[in-house]
Novice: 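Dumping the structure here so I can ask a few things about it.
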Protein chains: 2
Amino acid sequence: MSKQPKRSPQQPAAERPSPGAPAGLNQIPLLQILSAQDRQKVLGEMTETRYGKGDYIFREGDPTEYFHIVKEGSVKCVKSSLDGKECTLKVLMPGDLFCCDASAFDGASHPGTAQPMGDVSVLRMKKEAYFKMLRANPDAAMEVIRYLGNRLNEAQEKAKVLALDRADQRLASLLVSLAERSGIKDPNGIRVTVRLTRQDMANMVGVTTETAIRIMARFKKDRLVTGTAARLVIRDLPKLKLLAST
Amino acid sequence: MSKQPKRSPQQPAAERPSPGAPAGLNQIPLLQILSAQDRQKVLGEMTETRYGKGDYIFREGDPTEYFHIVKEGSVKCVKSSLDGKECTLKVLMPGDLFCCDASAFDGASHPGTAQPMGDVSVLRMKKEAYFKMLRANPDAAMEVIRYLGNRLNEAQEKAKVLALDRADQRLASLLVSLAERSGIKDPNGIRVTVRLTRQDMANMVGVTTETAIRIMARFKKDRLVTGTAARLVIRDLPKLKLLAST
DNA sequence: TTCAAAACATGACAATAGTCATGTTTTGTT
DNA sequence: AACAAAACATGACTATTGTCATGTTTTGAA
């Protein structure tokens, strides 16, 4: 619920055709499913683009032309309201697909904005080529159905949390899923590798920055977490889980 | 945010194999896409079941065995929290698919409960047959991808509204989408054909029943709507749209 | 038609979260 | 190392929504 920063759209930092079979691609289930031959063909149609702080991958309302996959780094999907408040719908990680969905049909436009969180690398291909590939590969189509189904369940779970839970419970839920999705072991607990400020967290759970700060301060006092954006550590996952579902 | 009614699970009122080519099926895009031959085959694998008030089509946590399509009437998808509050994620109308998604893979269980709103008729088929059909019919698979993509966008739009808007705005949004999705012309405006109590509306927008009642009373006073559950009429759609996005 | 259950309604008060103001600390450049 | 920008923090006050209690109206089934 922060004010939307009025930043001018910037061009991506670098762009080049993706090489034959680079490392990192084995984190992408959709590509793993294809035969080596089809994978080569698809990679030939994909372009790798790097983005950095302040870039936009695309913005709400832009026409949908490409299908995207996150290769490295994380990407956030954001929507904003007319009065400048914004909410983060989802943080995409390597292997995640975006614009794999309905907005890519019918020449529609993007329902939200995609922004890199730090340095990221994204693969993309023309949506026509993507659809053609899916038609020709039932395995790939089934994988996309599975993936979209998971995303739908996740989005509905998020809606449920927003509809029913208090701010502190929503924040606890967020911390739990961060620990599970991007946590690594740390002497004091679980370190969250995605860098998230209090404002980022606020936007993810639908509260103001001040509220997120106050609640995180309480969590810190209660020894549930330590540190801020760069070095956020979950110290008591079980208690956070309990709080999230109480 | 009403207390969850503790009703015992009931068996469906009637069950019979679906006949060859009954009326009503032309409202179902997924079936329309198939060739006449494939459609016959699929219909042969589907069972039509009728449900009535108080029935459950399935409940949160039940194992997923079937893929479903709404044929007649409306079905609500509900999730509840441990302390008995519940929220309605989506009202499905004829042609809508459910359990077409990830919960049907991996022998997972239903992430929510499906309840008939009044009398409904639902087609279902074993999930294995459904997946087989999709593999064999790229058109059908593409249609499911398109459908799931739309559902995902819708769910994310809902999450945005829950995260950013006030209770009155959320209710206004609901009324607008009801008018558009299930409204018919009426001398005084647009009549909503789905029967929804204030409590149903409350569950759909994440507020208490009392809050929904108070806000609807204000809308009535301001001549934006008239009537209750059985005969809800939208009198001033433009003003509701304005309120929803202000 | 009657009657009970459900839905609708409203007031008083409490809890939660937002707003605005102000100040401190941290971070990331030059 | 210095400095500006961003992030974090906190207090005081307000707005919104929830909670609980109670009563009226409507609906649907016997």
Side-chain angles (χ1 to χ4, degrees), chain A residues 1-7 52-54 81 83-87 117-119 161-172 192 194-221 225-232 243 246, chain B residues 1-7 52-54 81 83-87 117-119 161-172 192 194-221 225-232 243 246:
Chain A
M1 303 193 142
S2 55
K3 294 297 173 288
Q4 186 180 21
K6 290 286 174 208
R7 210 199 294 265
K53 201 176 150 185
S81 65
D83 54 330
K85 291 183 292 190
E86 71 178 39
C87 84
M117 303 176 73
D119 290 341
V161 168
L162 286 167
L164 299 180
D165 294 349
R166 281 194 319 272
D168 57 342
Q169 297 175 304
R170 303 207 294 267
L171 215 33
V192 175
V194 193
R195 192 199 145 96
L196 293 175
T197 65
R198 304 297 195 234
Q199 176 166 161
D200 292 326
M201 296 184 209
N203 287 342
M204 292 173 83
V205 300
V207 297
T208 59
T209 305
E210 292 92 330
T211 295
I213 288 173
R214 278 186 248 261
I215 292 173
M216 288 299 289
R218 211 166 73 213
F219 286 175
K220 183 179 261 176
K221 188 169 69 67
V225 299
T226 51
T228 56
R231 219 174 278 287
L232 177 62
L243 175 57
T246 302
Chain B
M1 301 190 145
S2 54
K3 295 298 175 284
Q4 187 179 20
K6 290 288 176 209
R7 211 198 295 263
K53 201 175 151 186
S81 65
D83 53 332
K85 292 183 291 188
E86 70 177 40
C87 84
M117 303 176 72
D119 289 342
V161 168
L162 286 167
L164 299 180
D165 294 350
R166 281 194 320 271
D168 57 343
Q169 299 175 302
R170 303 207 294 268
L171 254 170
V192 174
V194 193
R195 192 198 147 96
L196 293 175
T197 66
R198 305 298 194 234
Q199 176 166 162
D200 291 327
M201 297 184 209
N203 287 343
M204 292 174 84
V205 299
V207 296
T208 58
T209 305
E210 292 91 332
T211 295
I213 287 173
R214 278 186 248 262
I215 292 173
M216 287 300 287
R218 211 166 73 215
F219 286 176
K220 184 181 258 176
K221 186 169 70 69
V225 298
T226 52
T228 57
R231 219 175 276 288
L232 177 62
L243 175 57
T246 301

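Naming convention: chains lettered A, B, ... in sequence-line order (proteins, then strands); numbering from 1 in each chain.
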Novice: Using side-chain heavy atoms (C-beta onward) and a distance below 4.5 Å, is A:Met201 in contact with A:Val205?
Specialist: no

Novice: Hey, which of these two, A:Ile215 or B:Met216, hits DNA chain C nearer its 5' end, going by closest nucleotide?
Specialist: B:Met216

Novice: Which pair of non-hydrogen atoms, one from A:Gly52 and one from A:Asp119, has the smallest distance, and what is that distance?
Specialist: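 Shortest heavy-atom contact: CA-OD1, 3.7 Å.
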
Novice: Please report, rounded to the nearest Å, how far the C1' atom of C:dT16 is from the CG atom of A:Asp168.
Specialist: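 Rounded to the whole Å, the gap is 10 Å.
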
Novice: Nearest heavy-atom pair of B:Met117 and B:Val194: which atoms, and what distance?
Specialist: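 Here B:Met117 and B:Val194 meet closest at CE-CG1, 4.0 Å.
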
Novice: In whole angstrom, give the distance that lies between atom NZ of A:Lys53 and atom P of C:dG28.
Specialist: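 These atoms are roughly 8 Å apart.
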
Novice: Atom CG of B:Leu164 to atom C1' of C:dG18: distance rounded to whole Å?
Specialist: 13 Å

Novice: Identify, between B:Ala230 and A:Arg170, the residue whose nearest nucleotide on DNA chain C lies closer to the 5' end.
Specialist: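 Its nucleotide being nearer the 5' end, the pick is B:Ala230.
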
Novice: Are side-chain heavy atoms of A:Met204 and A:Leu196 found at a separation under 4.5 Å?
Specialist: yes

Novice: State which of C:dA9, D:dG18, C:dG18 makes the closest approach to the side chain of B:Arg198.
Specialist: C:dA9

Novice: Can you tell me how far the OG1 atom of B:Thr208 sits from the CD1 atom of B:Ile213, to the nearest 0.5 Å?
Specialist: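 The CD1 atom of B:Ile213 is 8.5 Å from OG1 of B:Thr208, to the nearest 0.5 Å.
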
Novice: Name all residues meeting the side-chain contact (heavy atoms from CB on, under 4.5 Å) criterion together with B:Ala212; count only those two or more places apart in sequence or in a different chain, and write none if there are none.
Specialist: B:Leu171, B:Ala202, B:Val207

Novice: When we call it a touch if two heavy atoms are under 4.0 Å apart, what does B:Arg195 touch: a base, just sugar-phosphate, or nothing?
Specialist: sugar-phosphate

Novice: Would you kindly give the CZ-to-P distance between A:Phe219 and D:dA9, to the nearest whole Å?
Specialist: 14 Å

Novice: Partners of B:Arg218 by side-chain hydrogen bond (donor to acceptor under 3.5 Å, both in side chains), sequence neighbours excluded?
Specialist: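 If we apply the side-chain hydrogen bond (donor to acceptor under 3.5 Å, both in side chains) test to B:Arg218, skipping adjacent residues, the hits are B:Asp168.
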
Novice: Could you report the tightest heavy-atom contact between A:Ala167 and A:Ile215, atom names first, then the distance?
Specialist: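 Where A:Ala167 meets A:Ile215 most closely, the heavy atoms are CB-CD1, 3.6 Å.
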
Novice: Would you say B:Lys220's side chain and B:Thr226's backbone share a donor-acceptor pair under 3.5 angstrom?
Specialist: no

Novice: Report the distance from atom CG of B:Asn203 to atom C1' of D:dT17, rounded to the nearest whole Å.
Specialist: 16 Å

Novice: Write down the protein N/O and nucleotide N/O pairs, taken from nucleotides 22-26 of chain C, whose separation is under 3.5 Å; answer none if there are no such pairs.
Specialist:
none

Novice: Would you tabulate the nitrogen or oxygen pairs shorter than 3.5 Å linking the protein to nucleotides 11-15 of chain C?
Specialist:
| from | atom 1 | to | atom 2 | distance (Å) |
| --- | --- | --- | --- | --- |
| C:dG11 | N7 | B:Arg214 | NH1 | 3.1 |
| C:dG11 | O6 | B:Arg214 | NH2 | 3.2 |

Novice: Considering only side-chain heavy atoms of A:Val207, which listed nucleotide, D:dA7, C:dG18, C:dC8, is closest?
Specialist: C:dG18

Novice: Return the nearest nucleotide to the side chain of B:Ala217; candidates are D:dT10, C:dG18, C:dT10.
Specialist: C:dT10

Novice: Using every non-hydrogen atom in the two residues, find where A:Arg166 and A:Gln169 come nearest and quote the distance to one decimal.
Specialist: N-OE1, 2.8 Å

Novice: Not counting sequence neighbours, list each pair that qualifies as a salt bridge (charged side-chain N to carboxylate O under 4.0 Å, His left out) and has a residue in residues 195-211 of chain B.
Specialist: B:Lys76-B:Asp200

Novice: Are B:Met216 and B:Leu232 side-chain neighbours, meaning at least one heavy-atom pair lies under 4.5 Å?
Specialist: yes

Novice: Would you mind reading off the distance between B:Arg218 atom CZ and C:dC8 atom C1', rounded to a whole angstrom?
Specialist: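 Atom-to-atom, B:Arg218 to C:dC8, this comes out as 17 Å.
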
Novice: How close or far is atom P of C:dG18 from atom CD1 of A:Ile213, stated in whole angstroms?
Specialist: 12 Å

Novice: Please report the end-to-end axis angle for the helix from C:dT1-D:dA30 to C:dT30-D:dA1, five pairs per end, rounded to 10 degrees.
Specialist: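 So the angle between the two local helix axes works out to 60°.
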
Novice: Looking at D:dA9, I'd like to know if its phosphate oxygens (OP1 or OP2) sit under 4.0 Å from a side-chain N or O belonging to A:Lys220.
Specialist: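 Answer is yes, contact under 4.0 Å.
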
Novice: Without decimals, in angstroms, what is the distance between B:Gln199 CD and D:dT26 P?
Specialist: 19 Å

